[in-house]
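As a basis for the values below, the full set of heavy atoms in this structure was taken, side chains included, without hydrogen atoms, waters or symmetry mates.
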Amino acid sequence: MMKTSSMTELDDETVRSMAIGAVFSDFGGKINSLDFHRKEDLLVTASEDDSVRLYDIATAKLLKTTYHKKHGADRICFTHHPSSVICSSRYNLDSTGESLRYLSMYDNRCLRYFKGHKERIVSLCMSPINDSFMSGSLDHSVRIWDLRVNTCQGILHLRGRPTVAYDQQGLVFAVAMEGGAIKLFDSRSYDKGPFDTFLVGGDTAEVCDIKFSSDGKSMLLTTTNNNIYVLDAYAGEKRCGYSMEPSPNTSIEATFTPDGQYVVSGSGDGNLHAWSINRRNEVASWNSHIGVPSCLKWAPRRAMFAAASTVLTFWIPNDSNADPAVMDTEPTAGAETQHPSQ
């Protein structure tokens, strides 16, 4: 059985020792997105096979699978409740307009539909402090929602593909758009416009992912041409930058460690890389064993990260020189699979 350890401060040795502790290979297509719950040991995935899957990361067990054939499953994030998620649709956006669904994994119900976006959602995030969440779409808009009501609470019209993220305190959100522009908004008065704008000089590629570090001091940007930048979240200055191997037709993802000291990223050559932000040096490089990982996130409270392509892998510190145990999981005893009618 895979054992994940609680998060203590990381060091180079621990980061270098990361190795695959569990493998889940029964997906029927690419994994589109994944998310960790902020407080519980849970991970959720959304996949091209129209499945949403819930995992216990402490025991590396698949807890539940639901299928969503009518709408598909694209971007996904947890709400504050451990068995509720927000999932964006891949199908029937024109006919139904149901671009987002608030789903209960507990009893496999759709609690609410959110209509508004006309094209695919490419960025989705939940406020860490209340029931607000944001979505960015290829229709060049960012919409702000509240879980408790169907109607959109606010809309920002932008140039290009928008990417959104809340800081860890939920007081600020960032919107990245065409031309490397990052706009920062006060989440309580976003209608007044951005209070600051940064430009990532020299890189005009679209930003496909943005994250704040846990301490709120840094922002992590990943562009469509596989450049990764760490910015000072207050002044917008570039702290460091890395160029990954290209990955045609697949966006890569990068992630901060919870202590904000390291960045881990996928690459077009199928490797994973880790860097120290303060020293600006590469600390580790591993073969991902799953091709180009399109999803990569570090767990909020554990020494563990998840990387996914058409296969999901959990990475943990390898305390011995022996090969880590690899669990190729078919649905475990007690795991539920449900096929909703919708």
Side-chain angles (χ1 to χ4, degrees), residues 2-22 33-45 55-60 76-80 82 124-129 164-174 209-222 228-234 239-240 242 252-266 272-284 286 288 293 295-308 312-319:
M2 186 188 95
K3 287 291 182 189
T4 55
S5 54
S6 297
M7 183 68 203
T8 52
E9 193 151 312
L10 290 167
D11 55 29
D12 289 6
E13 187 177 352
T14 306
V15 172
R16 278 193 205 102
S17 76
M18 299 298 283
I20 294 175
S33 60
L34 56 83
D35 190 37
F36 288 100
H37 194 273
R38 286 177 179 274
K39 295 181 178 170
E40 305 294 333
D41 284 324
L42 295 170
L43 173 126
V44 67
T45 62
Y55 296 87
D56 182 322
I57 63 168
T59 58
I76 198 158
C77 69
F78 274 107
T79 65
H80 299 290
L124 184 64
C125 61
M126 183 83 204
S127 165
I129 58 169
V164 293
Y166 283 99
D167 77 340
Q168 298 294 334
Q169 287 72 44
L171 302 176
V172 170
F173 65 81
D209 187 45
I210 184 167
K211 293 182 174 76
F212 282 90
S213 59
S214 295
D215 60 12
K217 293 178 180 175
S218 302
M219 280 190 294
L220 178 61
L221 310 182
T222 309
I228 294 161
Y229 301 103
V230 179
L231 305 186
D232 180 304
Y234 301 119
R239 294 184 64 188
C240 45
Y242 312 100
I252 61 167
E253 186 172 7
T255 183
F256 283 116
T257 53
D259 59 7
Q261 300 302 304
Y262 299 90
V263 168
V264 181
S265 171
L272 299 167
H273 300 269
W275 299 271
S276 164
I277 295 171
N278 292 332
R279 296 192 309 276
R280 303 186 181 191
N281 66 314
E282 183 169 290
V283 171
W286 313 272
S288 75
C295 303
L296 179 67
K297 282 191 173 74
W298 197 290
R301 302 175 307 108
R302 289 194 174 269
M304 175 226 171
F305 67 83
L312 173 65
T313 52
F314 291 176
W315 291 67
I316 55 171
N318 183 11
D319 295 328

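For the atom pair Ser17 OG and Ile316 CD1, the distance stands at 9.0 Å (nearest 0.5 Å). If you take CZ on Phe314 and CD1 on Ile20, they are separated by 12.0 Å, rounding to the nearest 0.5 Å. Summarising the geometry, atom OG1 belonging to Thr222 is positioned 7.0 Å from atom CD belonging to Glu253; distances are rounded to the nearest 0.5 Å. Atom OG1 of Thr45 and atom OH of Tyr55 lie 4.5 Å apart (nearest 0.5 Å). One finds the CH2 atom of Trp286 at 9.5 Å from the NE2 atom of His273 (value rounded to the nearest 0.5 Å). We find the CG-CD1 distance between Leu220 and Ile210 to be 8.5 Å, quoted to the nearest 0.5 Å.
Listed here is the closest heavy atom pair of Ala254 and Asp209: O-OD2, 3.8 Å. Summarising the geometry of Phe256 relative to Ser218, their closest heavy-atom pair is CZ-CB, 3.7 Å, with the distance given to 0.1 Å. Scanning both residues, Leu296 and Thr255, for their nearest heavy atoms gives O-CB, 3.8 Å. The nearest pair of heavy atoms linking Asp215 to Tyr234 is O-OH, 4.4 Å. For the pair Arg38 and Gln168, the tightest heavy-atom approach, listed with the atom from each and the gap, is NH1-OE1, 2.9 Å. The nearest pair of heavy atoms linking Gln169 to Ser214 is NE2-O, 4.0 Å.
Trp315 and Thr313 form a side-chain donor-acceptor contact under 3.5 Å, judged by distance and modelled atom types alone.
Salt-bridge check for Arg279 with Asp12: passed, with a basic side-chain N closer than 4.0 Å to an acidic carboxylate O. Between Lys217 and Asp232 there is no salt bridge, since no side-chain N of the basic residue sits under 4.0 Å from a carboxylate O of the acidic one. Checked for salt-bridge contact, Glu40 and Arg301 miss the test: no charged N lies under 4.0 Å from a carboxylate O.
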- Message: For Leu34 and Lys297: C-alpha separation, side-chain torsions, deciding distance, then whether side-chain contact (heavy atoms from CB on, under 4.5 Å) applies.
- Response: CA-CA 8 Å; Leu34 56 83; Lys297 282 191 173 74; 3.7 Å; yes
- Query: Between Val283 and Arg16, is a side-chain contact (heavy atoms from CB on, under 4.5 Å) present by the stated rule, with each step listed?
  - Reply: CA-CA 7 Å; Val283 171; Arg16 278 193 205 102; 4.1 Å; yes
- Kindly determine whether His80 and Met126 satisfy side-chain contact (heavy atoms from CB on, under 4.5 Å), including the steps that lead there. CA-CA 8 Å; His80 299 290; Met126 183 83 204; 3.9 Å; yes
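A donor-acceptor pair is defined here as one N or O able to donate and one able to accept, closer than 3.5 Å; no such pair exists between the side chain of Asp11 and the backbone of Val15. Looking only at distances, a side-chain donor or acceptor of Asp35 sits under 3.5 Å from a matching main-chain atom of Phe78.
Under the 4.5 Å side-chain criterion, counting only non-hydrogen atoms from C-beta, Tyr262 is in contact with Leu10. Between Ile57 and Phe36 the shortest side-chain heavy-atom distance falls below 4.5 Å. The side-chain heavy atoms of Arg239 and Ile277, taken from C-beta on, include a pair separated by under 4.5 Å.
Residues passing the ring pair (Phe, Tyr, Trp, His ring centres under 6.0 Å) test with Tyr242 are Trp275, sequence neighbours excluded. The side chain to side chain contact (heavy atoms under 4.5 Å, CB included) test applied to Gln261 returns Asp259, Asn278, not counting sequence neighbours.
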